[in-house]
Amino acid sequence: QIYSRAYLHKRGYGDHHLQKYVKAGWIERVGVGAYKKPGDIVDWQNGLHAIQTQLKLPIHVGSRAALSLLGKGQYIELGKMELSLLAPRKCSLPSWFKKHSWSVEISFQESTLFRESLSDFGKKENGFTKKEYGQVDVIMSASERAIMEYLDKLPFEGTYQEALELMENLTSLRSGVVQSLLEKCSSVKVKRLFLHLAEKINHPWFKKLD
């Protein structure tokens, strides 16, 4: 795992302790403000887990990246995958996460797509899910939320054809979650485009929407 400086401070390890432990080889720096045990192999999942659980920041994997990680993607990624991280306004990634070399390309964006409070973060009924990676798990958008986040970026990122193909894969969306997200969605474009695609494909869950 990755341990943030703030997390270690709360447990009684001051900067003088951390400097001593680094010098002795007991811990290693992941960047300025984050550490790991020697020999531990860490990746973005470990970093995001620390951000979500230790720093309590409402940053999650969303859009096309979430759909791909949930097995709902349309195309095989060539080279490094682009990991879309979304957060409310005035929430930023820690510098150690931004500067570290991960196995993915990090794309960070502030989003106000849904009218919701910080207490809604991570809850299933608000379109979030957790995916386990070994000893850690990360909060990401469930399919219902991720496809709306993808549509929010059109036409600047993605294409109408890809959106249609992604929607074709979403045969088992939860109509209750879809209904709730559509009501909370602040973008008329996203709501209209989502309903247009769903009606065009005519998934069974579409008939249950009000």
Side-chain angles (χ1 to χ4, degrees), residues 44 48 51-52 55-75 81-94 97-98 104-131 137-201 203 205-206 208-210:
W44 66 267
L48 186 57
I51 288 171
Q52 293 174 342
L55 302 179
K56 306 298 183 183
L57 294 176
I59 299 173
H60 70 279
V61 182
S63 193
R64 183 199 282 121
L67 290 170
S68 179
L69 292 170
L70 293 171
K72 305 294 184 180
Q74 188 61 28
Y75 304 112
M81 172 187 173
E82 182 177 299
L83 187 73
S84 299
L85 297 180
L86 303 175
R89 280 182 178 170
K90 299 181 180 180
C91 181
S92 58
L93 281 170
F97 189 92
K98 290 190 290 186
V104 294
E105 294 289 345
I106 303 295
S107 170
F108 179 76
Q109 189 175 33
E110 294 181 0
S111 174
T112 56
L113 181 59
F114 300 100
R115 293 181 289 268
E116 55 192 3
S117 64
L118 293 178
S119 62
D120 294 325
F121 179 71
K123 294 181 178 179
K124 290 182 179 180
E125 59 267 29
N126 292 302
F128 292 102
T129 189
K130 282 187 178 181
K131 185 173 174 63
D137 54 47
V138 296
I139 296 171
M140 62 177 61
S141 293
S143 298
E144 296 87 354
R145 187 183 184 103
I147 185 61
M148 295 185 196
E149 291 167 339
Y150 175 85
L151 296 177
D152 189 37
K153 296 183 178 182
L154 287 179
F156 308 105
E157 296 179 29
T159 65
Y160 173 84
Q161 183 59 36
E162 184 184 20
L164 183 63
E165 292 169 355
L166 287 171
M167 184 65 82
E168 286 176 345
N169 292 338
L170 304 180
T171 58
S172 57
L173 294 191
R174 296 162 294 177
S175 58
V177 175
V178 171
Q179 181 77 38
S180 177
L181 289 174
L182 286 172
E183 292 176 3
K184 292 179 180 179
C185 184
S186 61
S187 170
V188 174
K189 178 193 77 172
V190 169
K191 289 190 276 193
R192 287 182 173 176
L193 188 51
F194 179 93
L195 291 170
H196 158 71
L197 294 171
E199 184 178 35
K200 186 178 182 69
I201 298 169
H203 283 312
W205 51 261
F206 174 73
K208 300 178 182 178
L209 299 180
D210 180 358

Legend entry - Partner set under side-chain contact (heavy atoms from CB on, under 4.5 Å) for S172, not counting sequence neighbours: K72
Inset, instruction - Applying side-chain hydrogen bond (donor to acceptor under 3.5 Å, both in side chains), name anything that partners S141, two or more places apart in sequence or on another chain. - result: H60, E149
Legend entry - Nearest atoms (heavy-atom pairs only) where S143 meets L170: CB-CD2, 4.0 Å
Legend entry - Least distance between heavy atoms, F194 atom then L182 atom: CD2-CD2, 4.0 Å
If we ignore hydrogens and angles and just use 3.5 Å, is the side chain of [X] paired with the main-chain N or O of [Y] as donor and acceptor?
X	Y	result
W205	A198	no
E144	R174	yes
N126	D120	yes

Separation of [Y] [atom2] from [X] [atom1] (nearest 0.5 Å):
X	Y	atom1	atom2	answer
H203	L173	NE2	CG	7.0 Å
L154	E162	CG	CD	8.5 Å
Q52	I139	CD	CD1	4.5 Å

Inset, instruction - Under the ring-ring contact (aromatic ring centres under 6.0 Å, His included) rule, collect the residues that match up with W44, sequence neighbours excluded. - result: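 Applying ring-ring contact (aromatic ring centres under 6.0 Å, His included) to W44 gives Y133.
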Legend entry - Results of ring-ring contact (aromatic ring centres under 6.0 Å, His included) for F121 - residues two or more places apart only: F128
Inset, instruction - Let me see the working for L93 and L57 under side chain to side chain contact (heavy atoms under 4.5 Å, CB included), right down to the final yes or no. - result: CA-CA 9 Å; L93 281 170; L57 294 176; over 6 Å; no
Legend entry - Intermediate values then yes/no, side chain to side chain contact (heavy atoms under 4.5 Å, CB included), K131 and V61: CA-CA 10 Å; K131 185 173 174 63; V61 182; over 6 Å; no
Legend entry - Any side-chain heavy-atom pair of L166 and L197 under 4.5 Å: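 L166 does not reach L197 side chain to side chain.
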Inset, instruction - For residues F108 and I59, determine if any side-chain heavy atom of one lies less than 4.5 Å from a side-chain heavy atom of the other. - result: yes
Inset, instruction - Could you walk me through whether R64 and E157 pass salt bridge (charged side-chain N to carboxylate O under 4.0 Å, His left out), step by step? - result: CA-CA 10 Å; R64 183 199 282 121; E157 296 179 29; 5.5 Å; no
Can you list, pair by pair, the side-chain donor-acceptor contacts under 3.5 Å of residues 83-90, counting residues two or more places apart and other chains?
none

Inset, instruction - Let me see the working for R145 and E116 under salt bridge (charged side-chain N to carboxylate O under 4.0 Å, His left out), right down to the final yes or no. - result: CA-CA 13 Å; R145 187 183 184 103; E116 55 192 3; 2.4 Å; yes
Inset, instruction - Determine which pairs satisfy side chain to side chain donor-acceptor pair (under 3.5 Å) with at least one residue from residues 185-201, sequence neighbours left out, and list them in order. - result: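 For residues 185-201, and leaving out neighbouring residues, the side chain to side chain donor-acceptor pair (under 3.5 Å) pairs sorted by first residue read Y160-H196.
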